[in-house]
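One structure is given here, and the rest of the page talks about it.
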Amino acid sequence: MAADLSHIRNFGICAHIDAGKTTVSERILYYTGKNYKIGEVHEGTATMDFLQEEQERGITIQSAATTCPWTFKGREFKLNLIDTPGHVDFTIEVERSLRVLDGACAVFDGKEGVEAQSETVWRQADRYKVPRLCFVNKMDKIGASFDFSFGTIKSRLGANGIAIQYPIGTGHEHKGIVDLLTRRAYFFEGEKGEKVIERDVPDDMKETIEKWRHDMIEKVSELDDGLMEKYLHGTEPTVDELKAALRKGTVSRQCYPVLCGAALRNIGVQMLLDCVCEYLPSPTEKPEVTGTDPRDKDTALSRPHDPKAPFAALVFKVVSDQHGDLTYIRVYSGTLTKGSRVINPGNGKKENASRIFEMHAQNRIPLDETSAGNIVAVVGIKDSYTGDTLCDADDPIILERMFFPEPVIAMSIEPKTQDDKRKLSEALGVIRREDPSFRSNFNEETGQTIIAGMGELHLEIIKNKLVRDMKINVNVGKPKVSYREAISKTAEDVRGLFKKQTGGRGKFGDCTINIEPFSAAQAEEAELDFTDQVAFENAITGGSIPKEFIPSVEYGVRQAAKSGVYAGYPLINIKVTLTDGSFHAVDSDQLSFEQAGRIALQEAVPKAGPTLLEPIMKVVVTVPNDYLGNVTGDMMSRRGMIIDTEDRDPVKLVTCEVPLSEMFGYTTSLRGMSQGRASNTMEFLEYRPMPASLIKAVREEETK
């Protein structure tokens, strides 16, 4: 029987690396009865970190899904939980999880507050309009401060956080939590904190609690006109009124309730689960999912969150398995029965959902059917990838795809034997299906296979996967930066002529183009397609090129931009305007005009002030005061710009913007200059022009 949609919560746990996400997930599994014992990240026994790499490194690499029950106010809720990675190299895992979730719990370190990657996941959640709870974890850590962490939620995220809990003690003294709404204190006793004991607020905390409660009532009243009127007239709203306003504000993303606890010490997780049920939305409280009609891309369609509506689901993850690929889907509308046939409207292929599973990390529970609001894995899907839609063949819809970041780092990889060569291309295809932020291609000129990803750790884990899991012996080259080409000025009336006479019918294509620097904002304003950051406009009047050949010119231009003109890197941020051309009644065909488009762009770029852009990384270094001078001096020598230095006694947080090319092996050298006491996080910021002297060196390297 399908669960009542109002009792389903699809939520994820996301945060900066090492804030304790997986530890929180493990407690959730234990208290909901899904696991009979608690797995620990530091012991390599965490249920949600089941990959060998995850257990060895003590970090989450891929998002893991599970379904567990929770009873709240006498009603049974079904929680579909996704534990996501915190490391920036695996940001795609967070991206695709947030695309299909209805809510999220952002976990923060009670001592550090909002950190660099916390900001990234927060922005990702904003992009997909995901309501959130905030859980300030690690209140048992020495130096933890709820007041400080709560302040960073407001100052660094600009979020309207409303504290609804306050810790009883911090560090070793942390024993429990006060619920600010009810003015009751809660303690977690028993071997695993499973007994929740309710008591009066300790006398020495009453004044602090009243101050925080007063602030909370004031902020909650701002969310509701009726409550505000009551509050201004000096009448205190009831607890139920406050909870109703808080729920409405959370679902509409006007506020973010802030909770606290210490997952490792088993404090506060049961109350977090209650808040997930109380404040995060059910699938029916989210707007109807929207998409387009595959038969007419300009027609917008929507689907209600209803098991009886036509079936529509989004593929958000593909995992290769020896028993057949597991395709994770979020069902937005309708019902999917085991063995039924659906269609992928993006490629027109029919798919057979031969088996359906409810997932519990790597374990599966078979289902006969699933309906709107659920997250499940399906076996039997052959031609659908991350971001594709699966739907009813009689009522097709294409749901909005998700955003995939571009790789910033590449390296060469070579198979050792002929047998390895055969297996490598197949294995890379499998990894590409699983991980949309990974790219691979074969360079004809050098005979090398190039793999590209989000960072050094990302590529290292892919290499380990090839060697250890897929048993392929490979040699790996040095990492290389993915630069981009750009132009600095306009070039007009550049002709691309392709003419071949070989006896009999020849080839003829002729076009004239203008090229200019262009941005995404300009493309949006002009309503031009900006795929791969290249805009194309047809400005031909009078039919000097027949209409059927114009898409061929565009295709040729885009292909030339993709492979690069100036230094062999993709050309971005340009607009190409087709202004004129000519054709031959017999010799002209689509291929000829494709070649003409290519030639025109290759001729135009050298006249438009070509340059190279390099990826700039935002680097945040946490360094003890004693080593600050070493770190900042080293950063300057790497062409880094120091943007901000924040004092977090006894350490400094140094925020810098540094070219990626200068950052290879940085973590190792940082350890050396700080005796292992400094740490850093790094994420892609933007592409910026390179100094001319370095461009020359990069081009020479490419020519070699």
Side-chain angles (χ1 to χ4, degrees), residues 297 347 406 439 441-445 450 482-502 504-520 522-523 526-613 699 702:
K297 296 281 194 292
N347 59 21
E406 284 294 312
R439 307 270 199 284
N441 66 290
F442 183 71
N443 187 323
E444 295 284 351
E445 286 180 19
I450 305 296
S482 294
Y483 296 104
R484 294 287 183 269
E485 296 179 10
I487 54 172
S488 54
K489 58 185 185 185
T490 302
E492 293 186 343
D493 299 329
V494 181
R495 187 181 183 197
L497 175 64
F498 178 68
K499 195 173 178 182
K500 239 182 183 177
Q501 206 64 47
T502 52
R505 187 177 168 180
K507 295 275 185 195
F508 184 86
D510 176 23
C511 64
T512 302
I513 61 167
N514 298 340
I515 67 168
E516 61 187 287
F518 211 56
S519 69
Q522 288 172 293
E527 295 182 359
L528 287 174
D529 174 19
F530 203 50
T531 306
D532 295 328
Q533 290 164 279
V534 175
F536 182 87
E537 187 175 27
N538 173 24
I540 283 185
T541 48
S544 54
I545 298 178
K547 271 188 183 154
E548 66 267 26
F549 294 143
I550 285 164
S552 301
V553 176
E554 180 177 356
Y555 180 78
V557 162
R558 288 187 178 279
Q559 288 304 106
K562 211 176 260 187
S563 52
V565 176
Y566 178 57
Y569 294 102
L571 174 63
I572 62 167
N573 297 343
I574 61 159
K575 177 186 172 189
V576 178
T577 309
L578 179 61
T579 57
D580 200 2
S582 64
F583 71 103
H584 189 281
V586 177
D587 291 352
S588 288
D589 59 10
Q590 289 180 333
L591 201 62
S592 301
F593 275 96
E594 258 178 49
Q595 291 298 335
R598 270 178 186 277
I599 292 165
L601 192 74
Q602 285 162 352
E603 295 285 329
V605 168
K607 298 174 181 173
T611 185
L612 276 185
L613 308 178
R699 290 189 72 199
E702 278 307 304

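The model shown is predicted, which means the values in this text are computed figures rather than measured ones.
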Next on the checklist: Closer than 3.5 angstrom, by distance alone: can the side chain of Asp510 be matched with the main-chain N or O of Phe583 as a donor-acceptor pair?
Outcome noted: no

Next on the checklist: Can you tell me if Gln590 has over 12 outside heavy atoms packed within less than 6.0 Å of its CD?
Outcome noted: no

Item to check | Rounded distance [0.5 Å steps], CD1 in Ile545 versus NZ in Lys547 | outcome: 13.5 Å

Item to check | Derivation and outcome, side-chain contact (heavy atoms from CB on, under 4.5 Å), residues Leu612 and Tyr566 | outcome: CA-CA 8 Å; Leu612 276 185; Tyr566 178 57; 4.2 Å; yes

Checklist entry - Is the side chain of Thr512 donor-acceptor paired with the backbone N or O of Thr579 at a distance under 3.5 Å, no angle test? => result no

Checklist entry - For Val557 and Leu578, what are the C-alpha separation, side-chain angles and deciding distance, and is it a side-chain contact (heavy atoms from CB on, under 4.5 Å)? => result CA-CA 10 Å; Val557 162; Leu578 179 61; over 6 Å; no

Checklist entry - Minimum heavy-atom separation for Glu485 to Val565, with atom names? => result OE1-N, 2.9 Å

Checklist entry - So Thr577 and Lys575, side-chain contact (heavy atoms from CB on, under 4.5 Å) or not? Walk me through it. => result CA-CA 6 Å; Thr577 309; Lys575 177 186 172 189; 3.5 Å; yes

Item to check | Where Gln522 and Ser519 come nearest, the two heavy atoms and their spacing | outcome: OE1-N, 2.8 Å

Donor-acceptor pairs under 3.5 angstrom involving side-chain atoms of residues 592-609: please list them, not counting sequence neighbours.
from: Ser592; atom 1: OG; to: Phe508; atom 2: N; distance (Å): 3.4
from: Ser592; atom 1: OG; to: Asp589; atom 2: OD1; distance (Å): 2.6

Item to check | Identified side-chain contact (heavy atoms from CB on, under 4.5 Å) partner of Ile515 from the options Val576, Val534, Val494 | outcome: Val576

Next on the checklist: Any heavy-atom pair between the side chains of Phe536 and Val553 that's under 4.5 Å?
Outcome noted: yes

Checklist entry - If you measure from CG on Leu613 to OH on Tyr569, what distance do you get to the nearest 0.5 Å? => result 12.5 Å

Checklist entry - Once you round to the nearest 0.5 Å, how far does NE2 of His584 lie from NZ of Lys507? => result 13.0 Å

Item to check | Minimum heavy-atom distance between Ala567 and Arg699, given as atom pair plus value | outcome: CB-CG, 3.8 Å

Checklist entry - Can you tell me how far the CZ atom of Arg558 sits from the OG atom of Ser563, to the nearest 0.5 Å? => result 13.5 Å

Next on the checklist: The test is side-chain contact (heavy atoms from CB on, under 4.5 Å); show your working for Gln501 and Asp587 and say whether it passes.
Outcome noted: CA-CA 9 Å; Gln501 206 64 47; Asp587 291 352; 3.6 Å; yes

Item to check | Interatomic spacing from CG in Asp580 to CZ in Arg495 - rounded to 0.5 Å | outcome: 9.5 Å

Item to check | Closest approach of Ser544 to Gly581 (non-hydrogen atoms, all atoms of both residues) | outcome: CB-O, 3.2 Å

Checklist entry - Atom CD1 of Ile487 and atom CD1 of Ile572: how far apart are they, to the nearest 0.5 Å? => result 11.0 Å

Next on the checklist: Quick check: closest heavy atoms across Phe530 and Ile574, and the distance to 0.1 Å?
Outcome noted: CE1-O, 4.0 Å

Checklist entry - Hey, are Lys562 and Asp532 close enough for a salt bridge, meaning a charged N less than 4.0 Å from a carboxylate O? => result yes

